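Each chain gets a letter, A, B and so on, in the order its sequence line appears, and its residues count up from 1. Note that the structure is predicted; figures quoted are calculated from it, not measured.
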Amino acid sequence: MLYVHNTMTGSKDRFEPLVPGKARMYVCGVTVYDYCHIGHARSALIFDVLRRHLEYSGLVVEFAKNFTDVDDKIIRRANEQGVSCESITTTYINAYYEDMEKLGVRRATIEPRATEHITDIVTLVERLLTKGMAYLVDGDVYFQVDRYPLYGSLSKRKLDDLQAGARVDVDQRKRHPMDFALWKSSKPDEPSWDSPWGPGRPGWHIECSAMAMRHLGETFDIHGGGMDLIFPHHENEIAQSCGATGKEFARYWIHNGFVQINQEKMSKSLGNFFTIREIFKKSEWPDAVTGEVLRYFLLSTHYRSPVDFSDHSLREAKGALNGFYDLFERLKEPALSQGVLDQQMYETTTRMRQAFAQAMDDDLNTSEAVAALQRLRGETNKALEAGLSDEMRRTVRQGFRTLGAVLGLLQLDCWQFKPQLQPASSDMHGETSTTLTDDDVADKIAARIKAKKVKNYRLADQLRAELASHGVTIEDRPDGTSRWKR
RNA sequence: GGCGCCGUACCCAAGUGGCUAAGGGAGCAGUCUGCAAAACUGCGAUGCGGCGGUUCGAACCCGCCCGGCGCCUCCA
């Protein structure tokens, strides 16, 4: 039974879907005017894991994640580069998919774009105007916040407090300083659509309301996003949606914490942010490994806590992950003894499976869930020394795969990969890359085993050192063969 | 000014009223191995920012203080 921290109630609430057996969730995606950074990765990952856990728990998940493809920043970027807005949004949507695929973030079941929902948006704005919750000024339509009495209930703010703290120039045409745009009349050279109020484009908040209602219904289960969206974005979405329908909008509001750099929020103004592709590019590991390392790192902290990103933290995650793949290699090897510990191992697996599910059910406690996997790893290694049958070895590996899948971890076949293609070594000496192919490694290992047989340890050690210089580590097995990894 | 979060071993990080304070990384010692690597075993916070209080009992609840951070403006 899943419990989630609900920003609206401020407590851990039992998750009971509106329609039994089905979970409908909407997550605010990205505004596509730039590459995604590690903070976007965290948010996407967390809701991907929530979705996986809901599915693992037997629910059918309808998951909508939008692209904001009309926005001031997109227009500015297009103008800077002298290209169309479509060109900008297409570029960054494609980049988004590339990044997310490397991170192992699955696509949502529905991925709507604002520009594809202009009709829905216009209809919603009209509804609000008809109800007297919005007003028209010079072709702009504003939502009137004081017409929605519950305004501030998500972010726990009072309208008066907000007014006192307002630091922006207040548009004098607004009836209340916190009123926000539902529809903006367009200036020349801006993308625009026809509307009853003249050519214009949607405000930021209205698109999510319109798309969520279109795809998930007027009331649905989960709405999520980063903590910074609580105010004003989600607060405004609630005001618009509930204002228009008179019904509850989302029933559970889930927000993730930030990725920080040196205890500070990442931000462009501080210049301390890292894009996802930059991290992959700089990584010393192959993409598949880097992706898993990033996931492990991001999931080893609870989703609502801040998490500090650094090279050091990635190396720690890599180290922690190594143990799993070392174990999986051992599990692949034929059993030398009878499965004396099979029964005990079976019980341990069952226990850890329960611990894992219990942790995930407790507000997605991924740290605890990972700890359960680590305990299972330790127990398996111990049992392996005493003896596990071939069948049990396969069963255990499958167990890791099944639980790991909820977190998107432990799915790789093995931890040794072809090194990333080095940018064609066109350096001045025209030297070819010194990376070794798998066949090269196999040859050297064969030579070393031969050397060991005749007790030529000097040659054996030399070969090992040679491989080590290429980042290849050897592990000798008791039967005289060797396994290796990069 | 308003709202809110965090401070647990060398590092990361669970736990939030009651068994020996999870787990990982790093480290040290040992077993195994030609040597390694991996694995295994052992060591590592008598204490959870500080001081008071509530309680039979607190890292966990309350108060104050110290330190760090976030939101209130676009932002995952």
Between [options], which one does the side chain of [X] approach most closely?
X        : options             : result
A/Asp228 : B/A76, B/G24, B/C69 : B/A76
A/Trp204 : B/C75, B/A76, B/C3  : B/C75
A/Ala371 : B/G25, B/C74, B/A22 : B/A22

Does any nucleotide pair with [N] by Watson-Crick or G-U wobble geometry, both distances under 3.5 Å, and what is it?
N     : result
B/C10 : B/G25
B/C51 : B/G63
B/C19 : none
B/C32 : none
B/C5  : B/G68
B/G57 : none

With rounding to whole Å, what would you report as the distance between [N] and [M] at their [atom1] atoms?
N     : M     : atom1 : value
B/A14 : B/C75 : C1'   : 30 Å
B/C19 : B/C3  : P     : 36 Å
B/A45 : B/A22 : C1'   : 14 Å
B/G27 : B/C12 : C1'   : 15 Å
B/A36 : B/C28 : P     : 14 Å
B/U16 : B/A21 : P     : 15 Å
B/C72 : B/C65 : C1'   : 26 Å
B/A29 : B/A37 : P     : 12 Å

Please state how far atom [atom1] in [X] lies from atom [atom2] in [N], giving the value in whole angstrom units.
X        : N     : atom1 : atom2 : result
A/Phe309 : B/A76 : CZ    : C1'   : 15 Å
A/Asn365 : B/A14 : CG    : C1'   : 6 Å
A/Leu376 : B/G24 : CG    : P     : 12 Å
A/Arg375 : B/A13 : CZ    : P     : 18 Å

Verify the neighbour count for atom NZ of A/Lys450: are there more than 12 heavy atoms of other residues, nucleotides or ligands below 6.0 Å?
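Not buried by this count: 12 neighbours or fewer within 6.0 Å.
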Does CD in A/Glu333 sit with more than 12 non-hydrogen atoms of other residues, nucleotides or ligands closer than 6.0 Å?
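Enclosed: over 12 neighbouring heavy atoms sit under 6.0 Å from CD of A/Glu333.
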Counting the atoms with a prime plus P, OP1 and OP2 as sugar-phosphate, which does [X] contact under 4.0 Å by heavy atoms, base, sugar-phosphate, or nothing?
X        : result
A/His302 : sugar-phosphate
A/Val307 : nothing
A/Phe297 : nothing
A/Gly39  : base
A/His312 : sugar-phosphate
A/Arg42  : nothing

Go along nucleotides 32-41 of chain B 5' to 3' and tag each nucleotide: B for a protein heavy atom under 4.0 Å from its base, S when only backbone or sugar atoms are that close, - otherwise.
--BBBBSSSS
Go nucleotide by nucleotide along RNA chain B from the 5' end; which of A/Tyr33 and A/Asp362 gets its closest nucleotide reached first?
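The residue whose closest nucleotide sits nearer the 5' end is A/Asp362.
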Return whichever of A/Ser155 or A/Ser300 has its heavy-atom-nearest nucleotide of RNA chain B closer to the 5' end.
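Result: A/Ser155.
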Any luck finding a side-chain donor-acceptor pair between [X] and [Y] under 3.5 Å?
X        : Y        : result
A/Glu466 : A/His470 : no
A/Glu264 : A/Asn272 : no
A/Arg173 : A/Tyr142 : yes

For the pair A/Phe328 and A/Tyr325, name the ring-plane relationship: parallel under 30°, tilted 30 to 60°, perpendicular over 60°.
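A/Phe328 and A/Tyr325: perpendicular rings.
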Can you tell me how the ring of A/His223 sits relative to the ring of A/Phe220, calling it parallel under 30°, perpendicular over 60° and tilted otherwise?
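Correct class here is tilted.
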When you check the gap from the basic side-chain N to the acidic O, do A/Arg77 and A/Glu80 get nearer than 4.0 Å?
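Salt bridge between A/Arg77 and A/Glu80, a charged N being under 4.0 Å from a carboxylate O: yes.
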Between the side-chain atoms of A/Glu316 and the base atoms of B/G24, is any donor-acceptor pair under 3.5 Å?
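Under the 3.5 Å cut-off, the side chain and the base do form a donor-acceptor pair.
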Kindly indicate whether the side chain of A/Lys265 and the base of B/C69 share any N or O donor-acceptor pair separated by less than 3.5 Å?
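Not at all, since no donor on one side and acceptor on the other fall under 3.5 Å apart.
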Can you confirm if the aromatic rings of A/Phe273 and A/Tyr35 lie within a centre distance of less than 6.0 Å?
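No, ring centres 6.0 Å or more apart.
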Tell me whether the centres of the aromatic rings in A/Tyr26 and A/Phe63 are closer together than 6.0 Å.
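No, too far apart.
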